[in-house]
Amino acid sequence: RKEVEQDPGPFNVPEGATVAFNCTYSNSASQSFFWYRQDCRKEPKLLMSVYSSGNEDGRFTAQLNRASQYISLLIRDSKLSDSATYLCVVQPSGSARQLTFGSGTQLTVLP
Amino acid sequence: EPEVTQTPSHQVTQMGQEVILRCVPISNHLYFYWYRQILGQKVEFLVSFYNNEISEKSEIFDDQFSVERPDGSNFTLKIRSTKLEDSAMYFCASSGLATNYEQYFGPGTRLTVT
């Protein structure tokens with residue numbers, strides 16, 4: 001089983017649509033969770049950390065379900081500029097800080 | 001807004017040559033990392049560095065690789081004898097002491113080994 005698994009997409013949605021991405025992780029002891037976005041041939045950029053209580057940042061909402069080892073990202077009112085690859089990222093427990101990346105879900109927002 | 005910088009943006013080298021990739025982490029960060037991304041594949045962890053020593057490394061980070069913080073600002077990755085399969089984008093990242101361990105990435109160095 002992959003450590004971090006994501007639907008690769010692509011997701012093609014019209015402007016203004018709501019789109020949801022899912023991610024599962026295999027290590028039940030994982031400590032911290034993030035969503036990054038990556039534009040073509042650019043660096044991963046931190047979008048948001050994901051907390052157990054769920055968190056929202058503008059049009060973006062992230063949820064974590066530790067029991068199911070499942071993370072989600074919801075984008076509301078999608079913009080053309082949201083087109084990118086969305087990376088689900090997990091960090092193990094304890095003092096280890098290495099990030100484990102999923103393969104990413106590609107999103108294209110169409111005019 | 002503070003950011004991680006990396007040089008060069010693109011490095012072309014011949015197989016067997018040594019390369020040094022350079023990074024300047026965010027100034028008040030204390031943890032530094034190298035990741036790589038082979039074209040079309042996912043981002044992979046190489047090594048983390050704290051308090052002037054390696055704190056974790058992956059299986060990829062073999063004896064061909066080394067890291068150094070030669071002064072108060074730079075963080076370098078050296079590949080001793082490059083192989084074709086080392087061709088990838090190499091990202092440097094840094095993080096502070098905050099408990100959420102958020103890591104911020106530099107723009108990357110594209111390494112092409114011919």
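All chains are named by letter (A, B, ...) in the order of the sequence lines, taking the proteins before the strands, and each is independently numbered beginning at 1. Just so we're clear, the structure is a prediction, and the values are computed from it rather than from any experiment.
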Go through A:R97 and B:S55 one step at a time and tell me if the side chain to side chain contact (heavy atoms under 4.5 Å, CB included) criterion holds.
CA-CA 9 Å; A:R97 287 186 170 227; B:S55 49; over 6 Å; no

In terms of hydrophobic clustering (I, L, V, M, F, W, Y; side-chain heavy atoms under 4.5 Å; direct or indirect links), are B:F105 and B:V4 co-clustered?
yes

In short, B:E56 meets A:Q98 closest at the heavy-atom pair OE1-OE1, 3.1 Å

Those residues that, when tested against A:R66, pass side chain to side chain donor-acceptor pair (under 3.5 Å) (two or more places apart)
A:S52

Contacting region of B:Y35 [heavy-atom separation from chain A under 4.5 Å]:
side chain

Evaluate whether atom CD of A:E3 has more than 12 neighbouring non-hydrogen atoms of other residues, nucleotides or ligands under 6.0 angstrom away.
no

Would you say B:L77 and B:F75 are hydrophobically clustered, going by side-chain heavy atoms of ILVMFWY under 4.5 Å?
yes

May I ask you to list the residues in residues 107-114 of chain B that approach chain A closer than 4.5 angstrom, counting heavy atoms only, ordered by number?
B:P107, B:R110

Could you state the interatomic distance from CD (A:Q38) to CE (B:M89), rounded to the nearest 0.5 Å?
8.5 Å

Part of A:L99 lying under 4.5 Å from any heavy atom of chain B
both

Check this for me: A:K45, atom NZ, are more than 12 non-hydrogen atoms of other residues, nucleotides or ligands nearer than 6.0 Å?
no

Considering only residues two or more places apart or on different chains, which pairs with a residue in residues 8-38 of chain B satisfy disulfide (SG to SG under 2.5 Å)?
B:C23-B:C92

So, the side chain of B:E102 versus the backbone of A:F34: is there a donor-acceptor pair under 3.5 Å, distance only?
no

Identify whether A:M48 and A:V90 are in the same connected component of the hydrophobic contact network (ILVMFWY, side-chain heavy atoms under 4.5 Å).
yes

Around atom CZ of A:R41, are there more than 12 heavy atoms from other residues, nucleotides or ligands closer than 6.0 Å?
no

Part of B:F91 within contact of chain A (heavy atom distance under 4.5 Å)
side chain

Whatever's closer than 4.5 Å to a heavy atom in chain A on B:L39 counts as side chain

With no hydrogens and no angle check, do the side chains of B:Q6 and A:E43 hold a donor and an acceptor under 3.5 Å apart?
no

Linking I/L/V/M/F/W/Y whenever their side-chain heavy atoms sit closer than 4.5 Å, directly or via other members, would A:L74 and A:V13 fall into one cluster?
no

Work out which heavy atom in B:Q103 is nearest to a heavy atom in A:L46; give both atom names and the distance.
O-CB, 4.5 Å

What do you reckon, is NZ of A:K42 surrounded by more than 12 foreign heavy atoms closer than 6.0 Å?
no

Has B:N28 got more than 12 heavy atoms of other residues, nucleotides or ligands less than 6.0 Å from its CG?
yes

What parts of residues 12-21 of chain B touch chain A if we use heavy atoms and a cut-off under 4.5 Å?
none

At a heavy-atom separation under 4.5 Å, does A:Y36 approach chain B through its side chain, its backbone, both, or neither?
side chain

Do B:V43 and B:Y33 share a hydrophobic cluster (ILVMFWY, side-chain heavy atoms under 4.5 Å, transitive)?
yes

